[in-house]
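Have a look at the structure below, then the notes.
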Amino acid sequence: SAVISQKPSRDICQRGTSLTIQCQVDSQVTMMFWYRQQPGQSLTLIATANQGSEATYESGFVIDKFPISRPNLTFSTLTVSNMSPEDSSIYLCSANTQGKNDGYTFGSGTRLTVV
Amino acid sequence: AQSVTQLGSHVSVSEGALVLLRCNYSSSVPPYLFWYVQYPNQGLQLLLKYTSAATLVKGINGFEAEFKKSETSFHLTKPSAHMSDAAEYFCAVSNSGGYQKVTFGTGTKLQVIP
């Protein structure tokens, strides 16, 4: 199965700054997904990223706070902007690499701490 | 709308004992169901999936799950727990057909006691 490389694996950032997280897939995928996992909680979908179009955001998430790029079929970035301590979470990217809705592969996650 | 409910945020079993992690789903259309495992400081790994074929699904590491429509359940089992099974397990659901977003349960942390 495909492999997703996500970086950075962890970072400690000052409040008010921005961090860009990158995900690289070793094969072409149509859709990539970005999730947030707050401490001790489950995964919450932030947005779905298609190549060549704007990302689709879930309720409670906005483009100004979490801009996403999807320049090609193997790469995506998520930026966490103007960070506050409440943004401290694990951020994960995911892609469907086995065909339609047939199981999703995840990156290893980015553990973000905002101080 | 679709959702999954995982009963028990923490489950403890003895090494060698049966592992049973419970998941009930809600979906207005035939669902696709998944179990994922997350080891500490790692991403999620797909254990197994139900996509409307056989109702008994076998996955990796000796895990299996049975889709029971009458009970709207998709419980995860393993006959004999191993220390390396200690991790957090997430049940997830999506609508069948085409690319669909996945909704995750709240997770069950499995502890294996030697």
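Within every chain, numbering begins at 1; the chains are lettered A, B, ... in the order of the sequence lines, protein sequences first and strands thereafter. The figures here come from the full heavy-atom set of this structure, side chains too, leaving out hydrogens, waters and symmetry mates.
Phe106(A) contributes atom CZ, which lies 5.0 Å from atom OH of Tyr36(B) (distance to the nearest 0.5 angstrom).
Around CD1 of Ile12(A), the count of heavy atoms belonging to other residues, nucleotides or ligands within 6.0 Å does not exceed 12. With a 6.0 Å radius and a threshold of 12 heavy atoms from other residues, nucleotides or ligands, Glu15(B) has its CD atom above the threshold.
The two atoms that bring Tyr104(A) and Val102(B) nearest to each other are CE1-CG2, 3.3 Å, heavy atoms only.
With Ser42(A) contributing its side chain and Gly107(B) its backbone, the two residues share no donor-acceptor pair below 3.5 Å.
Val37(B) and Trp35(B) fall within a single hydrophobic cluster, where Ile, Leu, Val, Met, Phe, Trp and Tyr are joined by side-chain heavy atoms under 4.5 Å apart, directly or via other members. Phe61(A) and Leu92(A) are assigned to two separate hydrophobic clusters, defined by single-linkage of ILVMFWY side chains at heavy-atom distances under 4.5 Å. Hydrophobic clustering (side-chain heavy atoms under 4.5 Å, transitive across Ile, Leu, Val, Met, Phe, Trp, Tyr) keeps Phe34(B) apart from Tyr25(B). There is no path of hydrophobic side-chain contacts, each under 4.5 Å, that joins Met31(A) to Ile46(A).
Note: Gln38(B) leads Gln38(B), Gln6(B), Lys109(B), Gln42(B) in heavy-atom pairs under 4.5 Å with chain A. When each of Leu44(B), Leu48(B), Thr106(B) is checked for heavy-atom pairs under 4.5 Å with chain A, Leu44(B) comes out on top.
Gln37(A) has its side chain out of reach of Phe104(B): every pair of non-hydrogen atoms, C-beta onward, lies at least 4.5 Å apart.
With a 4.5 Å cut-off on non-hydrogen atoms, Leu43(A) touches chain B through its backbone and its side chain both.
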